[in-house]
Amino acid sequence: MKPVRTRFAPSPTGFLHVGGIRTALFAWLVARQAGGQFILRFEDTDKKREVPGSREHLIKSLLTLGLEYDEGPDIGGPLGPYVQSERLDTYQKWAQVLIGSGRAYADPYTPEEVQAFREQAQAEKRPFLYRNHRPENPPVWDGTMPLRFKSEPKAYTRVDAVMGELKTGPEVIDDFVLIKSDGYPTYNFAHIIDDHEMQATYVIRGQEFLASTPNYLNLYEALRFDSPIIATMPHILGPDGKKKLSKRDGAKDVLDYIADGYLPEALVNFIASLGWNDGTEQEIFTREELIAKFKLERVQRSGARFDENRLQWMNGVWIRSLRIDELFERSKNFWPETAAPYDDTYKKQVLALIQERLKYFAEIPELTRLFFEDLPVDINLINNNKQLKKFEHANLKQLLEQAKISLEQSDFSVEDLTKRLNTLLAATGQKPGILFGLIRIASTQAPFSPGLAETLSILGRETSLRRIDATLSALA
RNA sequence: GGCCCCGUCGUCUAGUGGUCCAGGACGUCAGGUUCUCAUCCUGAAGAUCAGGGGUUCGACUCCCCUCGGGGUCACCA
């Protein structure tokens, strides 16, 4: 029994969006579940498309989500290098093997000629098959022209770990390019060599490769390689539910979600739940639970739409599950500038108060402003309030003054404040909606805030009374 | 156009011939929790299981056709 080895093999052409990271996550889960290895490999055989900085970005994305790899470009490993552009001699070696066995040949046509064949096929509404133009006496391959695979078209019935049984006829098999005229291998060739050399037991990748898989099977045979287990993931769809999620349609970088204050565990949970569930009604899964319960066979065969609402809910669930110290550590970079003078103890108290209404950390400044600065008195908060608008300002002022007198004698502990507020309720004969609403608006000047007693307690006597005074003057 | 994949509430999904006039979650709406926002709780609306034919005593589940969506047919991955 060979040890399980899975890999994630992105091309360094940009950032990783949710769709891409899901493939990585599933490969990682399969490896971790089996106690095997997860490998990172860069497929940089298209020099034109390479984006500077994307290698580091890809690595950071993986590590930020906790998808640690055991072998990879930066950390090495026994079967490296893990960058395709550094493995050119390996591809040459295997190319020669194929040439030797008569299964590869030089492509003598110019790109224009091949393009003409292609257009001809298109005009006839037929799929383009290079092998229909296979040269009778190809020249000796000197490396300046493309090297093509000499396929042996046949029907295949294969089992894909997520798609199930798949059947195709010989018409989908073609002589694809192995090595380009620039000396670099194509993805089609390089990944097969690498997966073999790196002893990958699973190939988990996106649906865009489904159609070319029979070609890969044909090449495995020509090379006498065993085929790894192949698992094809459906695409994650954009908000319109049609096209696959793509960068140009606004798919966000996973690191952007981190920057907005989404927790890695929530992101992982959410991404896994797009197209996978364990068959129970459980929605929230820890990393460990995912490792224990994940099954490729239970991955949905249809594409799933990315629903940011659901992500937000799930992130809220995860935020609420954190202990306050942990939450504080995780959200350290999200405090507003006005919070700078305040100490950690104060900030933690504030954080505890807003924890249950926090969906992602970027909301912290808006939710906590009132604890760090006096907001300008906005009389409209009173004038537009459903309950308070029915009262004359003079009456409200009188009520607020009465409240102030009581609050002045408070030690501002939550217990005492609660007691006084209740006493006030009885003494004034007002509904909580009116009395509490008035005090809340006066002391916060915010459209919404945490509970009254808790808020006043944290604000403290001085700030609370100062704000109430400000409102009192405005009511004059 | 050929080939291939997919099609259950708005969304993510459960469901592998009868327990489903279809269950859960998000979202939405309504009510409750001494004020607002949120949390939490309760409830409601929401899916003729894409459509049509079969097979069967019985079909969301099996078969066929149609329609719809997607992928692929690169010296990109």
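A note on names: the letters A, B, ... follow the listed sequences, proteins ahead of strands, and every chain is numbered from 1. Note that this is a predicted model, so its numbers are computed, not measured.
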Base-pairing mate for [N] - Watson-Crick or G-U, with both contacts under 3.5 Å:
N	answer
B:U56	none
B:U16	none
B:U61	none
B:G2	B:U72
B:A22	none

At 4.0 Å (heavy atoms only), tell me whether [X] reaches a base, stays on the sugar-phosphate, or touches nothing.
X	answer
A:Lys167	sugar-phosphate
A:Thr280	nothing
A:Glu283	base
A:Phe176	nothing
A:Ser273	sugar-phosphate
A:Gly206	nothing
A:Asp174	nothing
A:Ser11	sugar-phosphate
A:Glu171	sugar-phosphate
A:Leu210	sugar-phosphate
A:Pro234	nothing
A:Arg301	sugar-phosphate
A:Leu425	base

Exercise. 5'-most contact on RNA chain B: A:Pro185 or A:Glu356, nearest heavy atom basis?
Worked result: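 Mapping each residue to its closest nucleotide by heavy atoms, the 5'-most match is A:Glu356.
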
If you measure from the [atom1] atom in [N] to the same atom in [M], how many Å do you get, rounded?
N	M	atom1	result
B:G24	B:A45	P	12 Å
B:C60	B:U19	C1'	15 Å
B:G23	B:A14	C1'	6 Å
B:U11	B:C49	P	16 Å
B:A47	B:C21	C1'	12 Å

Within the 3.5 Å criterion, strictly below it, is a donor on [X] or [Y] matched to an acceptor on the partner's side chain?
X	Y	value
A:Gln115	A:Glu119	yes
A:Tyr91	A:Asp194	yes
A:His191	A:Gln84	no

Check the phosphate of [N] against [X], side-chain N and O only, distance under 4.0 Å to OP1 or OP2. Yes or no?
X	N	value
A:Asn277	B:A14	yes
A:Arg298	B:G15	yes
A:Lys180	B:A77	yes
A:Lys48	B:C75	no
A:Arg305	B:G69	no
A:Thr444	B:U36	no
A:Gln300	B:A14	yes

Exercise. If you take atom types as modelled and just measure distance, does the side chain of A:Asn422 reach the base of B:U34 with a donor-acceptor pair under 3.5 Å?
Worked result: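 Indeed there is one.
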
Exercise. Any N or O donor-acceptor pair linking the side chain of A:Arg310 to the base of B:C26 at under 3.5 Å?
Worked result: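 Per atom types, no contact qualifies.
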
For this session: Measure from the ring center of A:Phe294 to the ring center of A:Phe26 and say whether it is less than 6.0 Å.
Result: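 When the ring centroids of A:Phe294 and A:Phe26 are compared, they turn out to be within the sub-6.0 Å range.
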
Exercise. Looking at A:Asn218, A:Asn215, A:Thr213, A:Thr168, which hits side chain to side chain donor-acceptor pair (under 3.5 Å) with A:Tyr156?
Worked result: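 That would be A:Asn218; it is the only one of A:Asn218, A:Asn215, A:Thr213, A:Thr168 passing the side chain to side chain donor-acceptor pair (under 3.5 Å) with A:Tyr156.
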
Of the listed nucleotides ([options]), which one gets closest to any side-chain atom of [X]?
X	options	answer
A:Asp307	B:A77, B:U11, B:U36	B:U11
A:Arg118	B:C37, B:A74, B:G27	B:A74
A:Ser181	B:A77, B:C75, B:C5	B:C75

Problem set entry | Cation over ring face, A:Lys252 and A:Tyr257, 6.0 Å, 45° |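 Yes - A:Lys252 lies over the ring of A:Tyr257, closer than 6.0 Å to its centre and within 45° of its axis.
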
Exercise. Between atom CG of A:Leu370 and atom CZ of A:Arg467, what is the distance when rounded to the nearest 0.5 Å?
Worked result: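 Rounded to the nearest 0.5 Å, the CG-CZ separation comes out at 6.0 Å.
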
